[in-house]
Structures are given as C-alpha cells and as structure tokens.
Amino acid sequence: MSEKHHPFPALPDFTDEERVARAHAAFEQLRTRHSCRDFADTPVPREVIEYAIRAAGTAPNGANHQPWHFAVIGSPEKKRAVREAAEAEERRFYGEEGDKPKASEEWLDALAPIGTDASKPYLETAPWLIACFAQRTGGIAEDGETQNYYVNESVGIACGMLISTLHEAGLATLTHTPSPMGFLRALCGRPKNEKPLMIVVAGLPGEGATVPEHAIRKKPLEQISSWL
Ligand code: IYR
C-alpha cells in the first residue's frame with residue numbers, strides 16, 4: 001500500500017531565458033573542476049564536509065535505501081595509515097616492487113599523460129579524506145540483511161553530488177581509487193556488507209598544483225549527445 005505523499009516542493013518560477021542562463025552558469029562553474037593531485041595542508045572547517053555529505057545523502061537511489069556511508073578521515077595518524085596502505089597497493093599496480101605490474105600495459109599507457117605513480121603524499125597533506133562505502137545490503141534500517149538495489153549507481157550519483165558540493169564550496173578534490181581497497185574497511189571499522197568505492201580527497205590546492213593538458217580537453221556536446 002502506498003504511504004502518505006506530500007505535494008512536490010515548489011520550484012522557482014524561472015522564465016525560459018532564466019533557465020537557460022542558470023544552466024549555462026552551472027556548467028561554467030562545474031567546468032572549472034579538475035582532479036587535484038597536489039594539496040596544501042591548509043585546514044578546512046569540518047562543517048564544509050558535513051554539508052557536502054548531507055548533500056550527497058539527498059542523491060536519488062534505489063528504493064530510498066540510501067546505500068552509502070561516508071567515513072571521514074581527518075587525523076594525521078589515520079591519514080598516514082591510509083597513505084601507507086594505498087601506496088603499498090599502488091606499488092603493486094604500477095610494478096614498482098620489481099614484480100610485473102598488476103595494471104596492463106594498455107592501462108599504464110592510458111595513465112601516462114596524467115603522470116601518476118605510486119606516490120600519494122596528498123593522502124597525508126590534504127585536510128580531509130572521505131572514504132565512500134557502498135552498502136550491498138541493509139535497507140533503510142541498516143540491518144545488514146535487507147537487499148539494496150542499484151547500489152553502484154546510487155553511490156556513484158551521491159559521490160558526484162559530494163564532489164560538486166565541495167567544488168561549489170571552493171575546495172579541490174580527487175577521486176582516488178586504489179585497487180583493491182579492502183584495507184579501507186578495516187581502517188574505518190566498517191562492516192563486511194560495505195564495499196569501499198572511492199576515497200574523495202578534499203582540501204585546497206598546493207601552490208604549484210597543475211592540471212595535465214590531457215585533462216582539459218573535454219569531448220564536445222556533439223560527441224557526447226545524440227538527439228532523437
Ligand atoms: N589508482 C591509481 C591508478 C589510476 C587509475 C586511473 I583509471 C586514473 O584515472 C588515475 C589513477 C592511482 O591513483 O595512481
């Protein structure tokens with residue numbers, strides 16, 4: 001049986017011209033976001049992160065089970081532990097332990113223009129690391145058993161909203177995805193039904209921070225859309 005419904009919240013009564021202008025302005029604001037790999041150690045108020053997580057928590061999701069958890073890491077000790085575990089995984093990924101890299105040659109070639117390697121100092125420098133977990137089960141009550149739906153889609157959208165809100169607040173971010181990320185579950189004390197999806201690193205860019213030329217080239221509208 002359907003529960004009580006509320007009237008749909010009133011939307012602003014914009015003219016079409018205003019809608020176009022606002023969509024354009026939102027695009028111009030979002031297009032200035034780039035992944036940052038060099039962070040300053042400047043502190044950022046916890047409330048910024050709190051609001052960004054609240055914003056993420058409004059994301060559309062499967063059956064409103066809200067299958068996410070955000071573990072916020074701000075202490076130097078925990079950040080160091082994340083850095084050490086992540087770098088150990090990355091050394092295997094890039095083959096810096098002397099073994100054959102876990103990444104394929106094609107993957108390493110794709111990363112070459114970005115210039116990444118196993119060294120991740122920003123995991124200690126940036127003020128906040130937000131470990132994003134996807135709850136495979138749990139439902140609204142987080143009972144650990146009820147089936148969740150569209151988990152990756154839901155948490156992916158929530159992470160997008162988290163990143164957009166942090167950008168709107170004037171912070172730089174990086175989505176960091178060491179693989180495998182099992183160490184994060186233990187480090188954050190999260191249960192087995194939760195899968196670490198990504199770490200969102202947040203803070204201010206370091207003075208010499210750069211963006212690779214490669215990352216600035218975005219596919220044009222004509223390429224990323226078709227109109228039927
Ligand atoms: N997790 C690694 C590798 C990496 C993979 C992709 I796909 C990227 O877009 C960037 C990096 C690292 O962080 O270096």
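All ligand and atom numbering here is 1-based and tracks the order in the structure.
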Relative to the heavy atoms of [X], which atoms of ligand 1 are at a distance of less than 4.0 Å?
{"X": "H176", "answer": "13 (O)"}
{"X": "F93", "answer": "3 (C)"}
{"X": "W107", "answer": "5 (C), 7 (I)"}
{"X": "Y94", "answer": "2 (C), 3 (C), 12 (C), 14 (O)"}
{"X": "L111", "answer": "3 (C), 4 (C), 5 (C), 6 (C), 8 (C), 9 (O), 10 (C), 11 (C)"}

Exercise for the section: Decide, yes or no, whether a salt bridge links E18 with R22 under the criterion of side-chain N to carboxylate O below 4.0 Å. Expected result: no

Practice task
Answer yes when E89 and R92 have at least one side-chain N-carboxylate O distance shorter than 4.0 Å, and no when they do not.
Solution key: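 Yes, charged N to carboxylate O under 4.0 Å.
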
Practice task
Look only at interatomic distance and state if R37 has a nitrogen or oxygen under 3.5 Å from any nitrogen or oxygen of ligand 1.
Solution key: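 In this structure, R37 places no N or O atom under 3.5 Å from an N or O of ligand 1.
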
Exercise for the section: Flag K120 as yes when one of its N or O atoms lies below 3.5 Å from any N or O atom of ligand 1, and as no otherwise. Expected result: yes

Would the distance check show the side chain of [X] and the main-chain N or O of [Y] forming a donor-acceptor pair, the cut-off being under 3.5 Å?
{"X": "K192", "Y": "G144", "result": "no"}
{"X": "E97", "Y": "R91", "result": "no"}
{"X": "S154", "Y": "G62", "result": "yes"}

Handout entry: atom 2 (C) of ligand 1: nearest protein contact (heavy atom, Å)
Key = E90 OE1, 3.1 Å

Exercise for the section: State plainly whether one hydrophobic cluster holds both L162 and V155, where clusters connect Ile, Leu, Val, Met, Phe, Trp and Tyr through side-chain heavy atoms under 4.5 angstrom apart. Expected result: yes

